[in-house]
Each structure stands twice: as C-alpha cells, then as structure tokens.
Amino acid sequence: MNILFVGDIFGSAGRRIVREHIGHVCEAHDVELLIMNVENAAGGFGITPEIAEDLFSLGTDVMTTGNHVWDKRELIDYLNSVPADSRAHARRVLRPANLYPGLPGHGVFEGTTRSGVDYAVIDLMGRVFMNGTNDPFHAADDLLARIKAKVIIVDFHAEATSEKVAMGWHLDGRVTAVLGTHTHIPTADERLLLNGTAYQTDVGMSGPYDSVIGVERDLVLHRFLTGMPGKFEAAKGNPKMCATLVTCDPATGHASAIERIMLGE
Ligand SMILES: [Fe+2]
Ligand SMILES: [Fe+2]
C-alpha cells in the first residue's frame, strides 16, 4: 500500500501548490493514506479550523503539526470539540504527543483505510534546540506499547539532524516510516533502514522557496543584518510541493520503498 506524506504546508502559496498537485499524485500512485504536516498552513503560523477543513476536502486522512500548533488560538476549541475516540476531522489534526500532559488535542490517531487496513499516525517533536517537549524517545515507546496497527507513520518534527537520525534507528523495525519535518528543506537521505522502516531526515516544505524557509526573505535578512525585531510575513514566490511516498506491506507494516517528490508550478 502507498502512503503519501506532504511536508510542512506554508501559507497560501503552499496550500495552492498542494491543491494543484495532490489529486494527480495520489491518483498516479494509488495513495491509500494521505498525511500532511500543516503547522504553517495559516500564513506561516499555525492552522485554523477553516483551513484544516479545506485541506481535508483534498482527501487528507490525518494532519500533523509541531512547534507552531498553538499559533492560532481557535485551533484549541476545534481540538477540544471531539472526544478522544472520535474519528471526526477535528480528531485527525494532531499536536505533538510529547508535550506537557493535559494540553488540548492528541498526538496519535488510529484509523482504518478504505481497504480496511488499520493504521496509526504519531506526531512527535524533538527537544534539541526546541522548547516545551518531553523526551520523544520514551514517548514513542509508550505509544507503541498500546498501538495495535502494523502500519505506523511517525512525523518527527525536530531541528537537529542527529536527533532525527537517532529516532529513525530507535524505531527501526517497529514502525513503517519515520519522516522528519520542521526544517523546511528536503534532505536527500531517504532510505530503508536495516529492519524495514522507511526514513528521511526532512520531507521539506510545501511552500514558497524564494524565501527563507517560507518567510519573505527581506524581512529575515533585515533581522540577521540588524538584530532588530520585525513582523514576519509568508512569501509567495517559487512554490513547490514536497512530499514523500512510502510503500509498505499492509500485513506487516514493513516498508519496501521510499521516494521523494518535489513539484513546482
Ligand atoms: Fe514548519
Ligand atoms: Fe516547526
């Protein structure tokens, strides 16, 4: 079975390029499970319920986030609007699992695909160069101890390459894929690890590449050149959709192929 994971969707340019390509990519590869990281979908900062619903209309099964999950306050009511055992859209938008206990939302979603394959999607956030997270490695162990599905996709939203590579090896053979997000630049290290887990350090941003990781480049340059604070705005130029396609055996969850996709205008 084929699983498509779309990297951090950034602003309106990111949403537009994903809308342009997602249909033909899913059709060409007979995608059965579609996951998107949406932490920057609303102007670069967080996601609103309206934008989530718009992205669900593209056929998305599960959405993951990261450090920007709380940027739009209205998301909290959306996450709180459904019970833990719901399969409604609002339950399919995840926040990192390893935040402080008791925060709104959930870090894992367990569902069933249209052909009857049980799956789980886990959202984890790193803690090297990042704040507000607990140990993602033991959090992953705790989650895996209670997940029944064989097909398990982990979005590891982290800054440090070393932490991401380490997580890949930590979960090798226990999950279908460990796919990195957050740095907004795709890495060329997609591979199958030794025990059947597909791995990539970062899927890359789905958004404007004439930018500094999505933000208008002049605004970021001004901050680097002067040290002065300033408002960041989402760029528009040169949008690309970055996604990663993972093929796995639905019976065992083991991956057999991983392929990077990058599509522009
Ligand atoms: Fe991001
Ligand atoms: Fe992030």
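What you are looking at is a predicted structure, and each value in this text was computed from that prediction instead of being measured. Both ligands and their constituent atoms are indexed starting at 1 by order of listing. For reference, positions follow the sequence shown, starting with 1.
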Take the Fe ion (ligand 1) as the centre and count protein N, O or S atoms at distances under 2.8 Å.
4
Do we see a donor-acceptor contact under 3.5 Å between the side chains of Asn98 and Thr133?
no
Assess the side chains of His170 and Asp141: does a donor N or O sit below 3.5 Å from an acceptor N or O?
yes
Are Phe5 and Tyr119 joined in one hydrophobic group, where the rule is that I, L, V, M, F, W and Y side chains link up if heavy atoms are under 4.5 Å apart?
yes
Using a 6.0 Å distance limit plus a 45 degree cone around the ring axis, check whether Arg127 lies over the aromatic ring of Phe137.
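Checked: cation-pi criterion not met.
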Looking at Arg95 and Asp155, is any side-chain nitrogen of the basic one under 4.0 Å from a carboxylate oxygen of the acidic one?
no
His21 side chain to Gly264 main-chain N or O, any donor-acceptor pair under 3.5 Å?
yes
